[in-house]
Amino acid sequence: MDFKPEEIKEQINKILSSTDFKASRQLTTLFKYVTEKTIDGHAEEIKAYTIAVEAFNRETSINTQLDPFVRVLASRLRRTLEHYYLSEGKNDPIRIEIPKGTYVPVFRKQTEKDIDDETVSTTAGMDRVEESYANKKSVNPIHTAVLKKPKKFFTATIIITLIVGLVLALWFLLFKKVNSFHSTLSKPTIIVLPFRNLTGNSEWDLLVHSMGEDLSISFSRFDDLSVFSYYSARNIYEQGGDTFGEIKKFGVDYSVTGSVRKINDTMHVNVELIDVKTNEQLWANSYEKKISAANIFNIEQEIVKGIIGEIGGDYGVISRNLTASSLENHQTDLGVYEAIALFRAYGYAPSAELFQRALHSLQKAVTTDSSNALVWAMLGNLYFDSYSLTLSSIDNAFKKGVDCINKAVQLDPQNQFVLSIEGFMYQLMGERDKALKVLEKSVTLNPNNAFLVGVSGWNIALLGEFERGLELMAKGTKLNPYYPSYFHLAYYLNNFRKGEYKEALGEAEKFKLPNLFWSPMLKAAALAKLGRIEEAKKYYKQIVELRPDFPQRAHFYIKCYVYPEDLVQKILAGLRIAGLELEN
């Protein structure tokens with residue numbers, strides 16, 4: 001180390017007092033942690049895990065290979081330091097950097113060459129918005145080169161003009177092409193704009209921007225969303241003017257924004273989700289929380305989790321909005337995202353008609369975008385449903401489903417949805433331990449994805465781990481109460497296995513999927529156990545009408561979803577009372 005500790009600490013404090021760091025609690029926390037550890041001679045202790053646990057009080061069970069929180073924040077810290085040394089810190093004597101591939105900072109003397117190199121690399125590496133604003137504030141390296149070498153001025157000018165002209169022409173052509181396919185191939189893009197600080201206290205800017213950063217990071221964990229950089233969003237917002245007009249230029253689909261007020265000891269947060277293209281407010285909510293100096297950031301985290309649970313995920317507001325739009329579109333040549341939306345519509349209310357539409361669109365989607373793990377997993381899920389529910393007759397449906405899931409896992413082994421369907425695959429194979437392991441891994445990938453946490457819990461319950469499964473379902477439905485009615489199967493089975501047949505019948509009444517034989521089957525078994533035989537027989541007849549081969553395949557159909565054999569036999573016993581005659 002070429003500097004005295006007190007000199008480095010002085011530089012650290014100067015950086016922490018800069019505009020960008022004062023507005024970000026998370027960046028401040030990370031920067032202080034890694035620099036203090038290094039100064040104290042404990043650089044070897046700086047790892048993603050120790051940062052998460054010691055600096056941010058994450059649970060000790062965190063898996064930093066699966067949770068990208070530290071990596072994302074470190075990347076943002078590097079960019080913020082670069083921006084600092086381009087602006088407020090360009091004349092500072094000490095330069096602090098965090099090289100890529102490590103979280104350990106280095107301290108060295110800053111030179112004029114650093115600023116020149118930083119200008120070039122930052123201009124080239126920033127995303128579109130950051131680039132436009134950085135160029136306004138930094139030295140143009142081309143102009144510098146021209147001034148230093150006047151003899152080459154005209155040659156350089158001609159070359160630059162030709163290059164710029166060519167780039168603009170290519171950009172124009174590509175931009176038209178990209179925009180023409182945006183609605184069919186791209187994931188929807190969401191931007192989190194800074195919340196308005198209406199407290200009258202500028203110190204609350206810290207919490208406002210912390211909330212924005214947390215929301216952006218949390219949204220980035222959803223595989224079906226593209227997230228616009230919060231750093232870029234701040235730049236656009238702070239320029240003033242027509243913010244929505246600016247973000248429309250970049251193809252943003254949805255924006256999250258809101259306001260923060262403080263009245264006495266209560267924090268009031270209003271949030272709204274806007275469809276940027278139509279300016280329609282799709283969702284809004286208000287949060288009121290009692291606060292103190294000790295709990296304010298915990299409250300902020302709680303609010304962020306609530307917002308994410310409502311908006312993100314397979315049945316969050318964005319997904320429901322896109323699904324509704326896709327259901328209105330009866331074309332046969334659907335794009336990738338429309339195919340995803342149709343699958344979700346089918347998943348919420350399975351029917352033969354929606355099955356066929358989703359199957360057709362997903363079969364096209366895997367040819368259009370063959371590297372998309374999500375559409376492969378969804379197609380595999382449909383093949384498994386054909387196998388277990390026979391909504392459609394497909395030759396070798398199970399094998400086709402397995403091939404799709406293996407392809408999806410190969411493409412993206414850390415995709416939460418892919419893992420949830422892989423778990424279902426093992427469940428159908430009867431490999432319970434593998435299924436449970438994969439489903440638990442799926443939950444850890446994004447605990448804020450309310451629907452997939454609930455689905456994994458549902459499958460875990462069906463595998464016989466009712467306590468754990470229902471716990472996860474409760475967590476998922478608390479974050480987003482908009483869930484499909486087949487969730488009630490897990491509650492039904494839990495009641496039925498304990499002999500609580502009245503409660504089980506109540507859950508069967510909530511299983512509102514009249515197109516599936518499971519709906520009358522659950523009622524018939526519970527009614528039979530309650531001694532209401534005539535009613536049970538009525539529902540048994542409905543089972544056979546919907547699934548004529550049920551008497552021959554009853555055990556198979558039930559076993560596909562109910563793993564514990566004793567529970568399968570208990571349901572079959574009820575169905576026998578209702579009229580089922582099992583063939584040997």
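For clarity, every value in this text was computed on a predicted model and none was experimentally measured.
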The reported gap from CG in Asp253 to NZ in Lys277 (rounded to nearest 0.5 angstrom) is 3.5 Å
Could you measure the distance from the CG atom of Leu193 to the CG atom of Leu215? Nearest 0.5 Å is fine. 11.0 Å
Heavy-atom closest pair, residues Ser216 and Arg76: CB-NH2, 4.5 Å
Kindly indicate whether the side chain of Pro350, heavy atoms from C-beta on, has any atom under 4.5 Å from the side chain of Leu516. yes
So which heavy atom on Thr29 is nearest to which on Ala55, and how close? CG2-O, 3.4 Å
Determine the minimum heavy-atom distance between Tyr103 and Arg71, stating which atoms define it. OH-CG, 3.4 Å
Determine, stepwise, if the pair Asp385 / Tyr346 fulfils side-chain contact (heavy atoms from CB on, under 4.5 Å). CA-CA 11 Å; Asp385 283 3; Tyr346 157 78; 2.6 Å; yes
Tell me the closest heavy-atom pair linking Ala377 and Ala408, and the distance in Å. N-CB, 3.9 Å
Kindly say whether the aromatic ring centers of Tyr486 and Trp518 come within a distance under 6.0 Å. no
Side chains of Phe250 and Ile191: does their closest heavy-atom pair fall under 4.5 Å? no
Taking Ser485 for its side chain and Lys512 for its backbone only, find out whether a donor-acceptor pair lies under 3.5 Å. yes
Would a line drawn from the ring center of Phe384 to the ring center of Phe398 be shorter than 6.0 Å? yes
How far apart are the C-alpha atoms of Ser420 and Asn459, what are their side-chain angles, what is the distance that settles it, and do they pass the side-chain contact (heavy atoms from CB on, under 4.5 Å) test? CA-CA 9 Å; Ser420 71; Asn459 276 118; 5.9 Å; no
Apply side-chain hydrogen bond (donor to acceptor under 3.5 Å, both in side chains) to Tyr383 and Asp403, showing your working. CA-CA 10 Å; Tyr383 286 133; Asp403 290 343; over 6 Å; no
Donor-acceptor contact present, side-chain Asn415 to main-chain Val418, <3.5 Å: yes
Taking every heavy atom of Gln356 against every heavy atom of Ser392, the minimum-distance pair comes out as NE2-OG, 2.8 Å
Leu359 side chain near Ile394 side chain, heavy-atom distance below 4.5 Å: yes
Within the side chain of Ser456, is there an N or O that forms a donor-acceptor pair under 3.5 Å with the backbone of Leu452? yes
Carboxylate-amine/guanidinium proximity below 4.0 Å for Arg468 and Glu471: yes
Donor-acceptor pair, distance only, cut-off 3.5 Å: does the side chain of Thr102 make one with the backbone of Pro99? no
Here the gap from Tyr563 atom OH to Glu431 atom CD, rounded to the nearest 0.5 Å, amounts to 9.0 Å
Test the Arg547-Phe550 pair against the cation-pi criterion, namely NZ or CZ under 6.0 angstrom from the six-membered ring centroid and within 45° of the ring axis. no
Verify the neighbour count for atom CD of Glu467: are there more than 12 heavy atoms of other residues, nucleotides or ligands below 6.0 Å? no
Ignoring hydrogens and geometry, is there a side-chain-to-backbone donor-acceptor pair from Ser370 to Thr367 under 3.5 Å? no
Any side-chain heavy atom of Leu575 within less than 4.5 Å of one from Ile571? yes
State whether a side-chain donor-acceptor pair under 3.5 Å links Gln26 with His209. no
Reported CD-to-OG distance for the pair Gln414 and Ser442, which is rounded to 0.5 angstrom: 10.5 Å
Gap between atom CD of Gln427 and atom CG of Leu462 - 0.5 Å precision: 5.5 Å
Just so I know, are the side chains of Glu302 and Lys305 near enough to count as touching, which here means a heavy-atom distance under 4.5 Å? no
Aromatic rings Phe487 and Phe451: how do their planes relate, parallel, tilted or perpendicular, breaks at 30° and 60°? parallel
Output the distance between atom CG (Leu27) and atom CG (Leu81), rounded to the nearest 0.5 Å. 8.5 Å
Using the six-membered ring of Phe496, assess whether NZ or CZ of Lys498 lies under 6.0 Å from its centre and within 45 degrees of the ring axis. no
Hey, does Phe466 have a side-chain heavy atom less than 4.5 Å from the side chain of Arg497? yes
Ring center gap for Tyr387 and Phe556 short of 6.0 angstrom: yes
Has the side chain of Gln416 got a donor or acceptor atom that lies under 3.5 Å from a matching backbone atom of Asn446? yes
What do the steps show when you test Asn372 against Val366 for side-chain contact (heavy atoms from CB on, under 4.5 Å), and what is the final call? CA-CA 7 Å; Asn372 190 320; Val366 295; over 6 Å; no
Let's go through Tyr254 and Ile311 carefully: what are the C-alpha distance in whole Å and the side-chain angles of both, what is the deciding distance for side-chain contact (heavy atoms from CB on, under 4.5 Å) to 0.1 Å, and is it a yes or a no? CA-CA 11 Å; Tyr254 301 96; Ile311 294 176; over 6 Å; no
Minimal heavy-atom distance between Val104 and Ala43, with the atoms involved, is CG2-O, 3.6 Å
Evaluation steps, salt bridge (Lys or Arg N to Asp or Glu O under 4.0 Å), between Glu565 and Lys559: CA-CA 8 Å; Glu565 183 60 30; Lys559 189 67 176 178; 3.2 Å; yes
Less than 4.5 Å apart, any side-chain heavy atom of Met378 and any of Phe417? yes
Let me know which of Glu422, Lys400, Gln410 forms a side chain to side chain contact (heavy atoms under 4.5 Å, CB included) with Ile405. Glu422
Going by heavy atoms in the side chains, are Leu445 and Leu419 under 4.5 Å from each other? yes
Tyr557 and Phe517: aromatic ring centres closer than 6.0 Å? yes
